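Written out below as structure tokens is the structure these notes cover.
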Amino acid sequence: MKKIVLTSLGATLLFSACGNSSGTTSTDELREAEAAVALGDMEAAKSVASRLIGSSNLSDLPAKELARLSLVYMQIADSTDREASIAQATDLYRRAYKTNPDSASAFYSDVNPEMYSYVTMLKTLVGHIENPYNPENENFDDSIPTQLPETNDSL
């Protein structure tokens, strides 16, 4: 029963978002893509996400929405066009951190548990851009001990 209610709610959201495409914003299209993923319609999700990526408004999206879109692409990668979808998701992950590192970090650390695997994969693929390694910040001790520790060979 719960699944039927969620499916009908998702379908309603999807159709209402599609019905008013002339005045839709990037946020509305992102919701439409997420609804399509929730319904399991990856082709519709991919179509909407592709429109978002192709729009000139992509550079205006806040970090949180870029991060949300990256997770949509990760979910699309599970069913279709795996390599291209993962490449797009990693690009969006980078853009989210470039736009606002604090907002992106807050979003990715507060996702639903079923999204953890996607976030972990993105972090692994992209590297640790939220805390990048800088070897110049390391303090290596260049001194070598002049005296080796004594050994006890009396056995």
Side-chain angles (χ1 to χ4, degrees), residues 1-140:
M1 180 69 178
K2 184 179 178 183
K3 189 173 184 176
I4 293 171
V5 171
L6 289 175
T7 302
S8 63
L9 177 63
T12 304
L13 287 172
L14 182 63
F15 292 129
S16 67
C18 290
N20 189 15
S21 62
S22 63
T24 60
T25 64
S26 297
T27 304
D28 294 333
E29 288 185 333
L30 182 55
R31 272 192 222 113
E32 184 180 339
E34 289 171 331
V37 168
L39 291 172
D41 189 355
M42 297 305 174
E43 289 302 320
K46 185 177 176 182
S47 173
V48 174
S50 294
R51 277 197 318 259
L52 273 168
I53 295 301
S55 74
S56 60
N57 297 333
L58 184 61
S59 60
D60 296 334
L61 286 178
K64 182 178 179 181
E65 291 183 9
L66 290 167
R68 286 172 56 196
L69 190 55
S70 74
L71 292 181
V72 167
Y73 268 101
M74 289 302 287
Q75 292 172 79
I76 291 170
D78 279 345
S79 65
T80 180
D81 204 14
R82 184 165 179 79
E83 292 81 16
S85 296
I86 290 175
Q88 189 61 58
T90 56
D91 180 56
L92 289 163
Y93 182 88
R94 285 183 188 101
R95 282 179 184 241
Y97 273 98
K98 185 178 179 183
T99 301
N100 187 332
D102 292 335
S103 180
S105 183
F107 174 81
Y108 286 117
S109 65
D110 195 34
V111 296
N112 290 330
E114 65 265 8
M115 297 292 177
Y116 289 160
S117 61
Y118 298 124
V119 174
T120 302
M121 183 181 279
L122 283 168
K123 284 182 180 182
T124 302
L125 291 170
V126 174
H128 297 285
I129 60 175
E130 70 274 5
N131 188 15
Y133 172 72
N134 185 354
E136 293 178 6
N137 291 339
E138 292 292 329
N139 185 15
F140 295 108

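Because the structure is a prediction, the values reported are computed rather than measured.
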Given salt bridge (Lys or Arg N to Asp or Glu O under 4.0 Å), test Asp91 with Arg94 step by step and report yes or no. CA-CA 5 Å; Asp91 180 56; Arg94 285 183 188 101; 5.3 Å; no
Please walk me through it: do Leu71 and Val37 pass side-chain contact (heavy atoms from CB on, under 4.5 Å)? CA-CA 10 Å; Leu71 292 181; Val37 168; over 6 Å; no
Leu52 vs Ser26, test: side-chain contact (heavy atoms from CB on, under 4.5 Å). Steps then yes/no. CA-CA 7 Å; Leu52 273 168; Ser26 297; 3.7 Å; yes
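By the side-chain contact (heavy atoms from CB on, under 4.5 Å) test, Ser103 is found to be paired with Ala63, Lys64, Asn100, residues two or more places apart in sequence or in another chain being considered. Applying the side-chain contact (heavy atoms from CB on, under 4.5 Å) criterion to Ser79, with sequence neighbours excluded, gives Met42. Residues meeting the side chain to side chain donor-acceptor pair (under 3.5 Å) test with Tyr73, sequence neighbours left out: none.
Taking CD of Glu65 as the start and CZ of Arg95 as the end, the distance is 14.0 Å to the nearest 0.5 Å. The CD atom of Gln75 sits 9.5 Å away from atom OG of Ser70, with the distance rounded to the nearest 0.5 Å. Distance check: Ile76 CD1 to Ile86 CD1 gives 11.5 Å after rounding to the nearest 0.5 Å. The line from CG of Leu66 to OG1 of Thr99 is 5.0 Å long, rounded to the nearest 0.5 Å. In this structure, the separation between CE on Met74 and CG on Leu92 is 11.0 Å, given to the nearest 0.5 Å. Rounding to the nearest 0.5 Å places CG of Leu30 at 10.0 Å from CD of Glu32.
Relative ring orientation between Tyr93 and Tyr108 is described as tilted, the plane-to-plane angle lying within the 30° to 60° band.
Ser109 contributes a side-chain N or O that, together with a main-chain N or O of Ala106, makes up a donor-acceptor pair within less than 3.5 Å. Between the side chain of Ser105 and the backbone N or O of Asp102 there is no donor-acceptor pair closer than 3.5 Å. Judged by distance alone, with hydrogens and angles left aside, the side-chain atoms of Thr124 form a donor-acceptor pair with the main-chain N or O of Thr120 at under 3.5 Å.
Here the shortest heavy-atom pairing between Ala67 and Ala96 reads N-CB, 4.0 Å.
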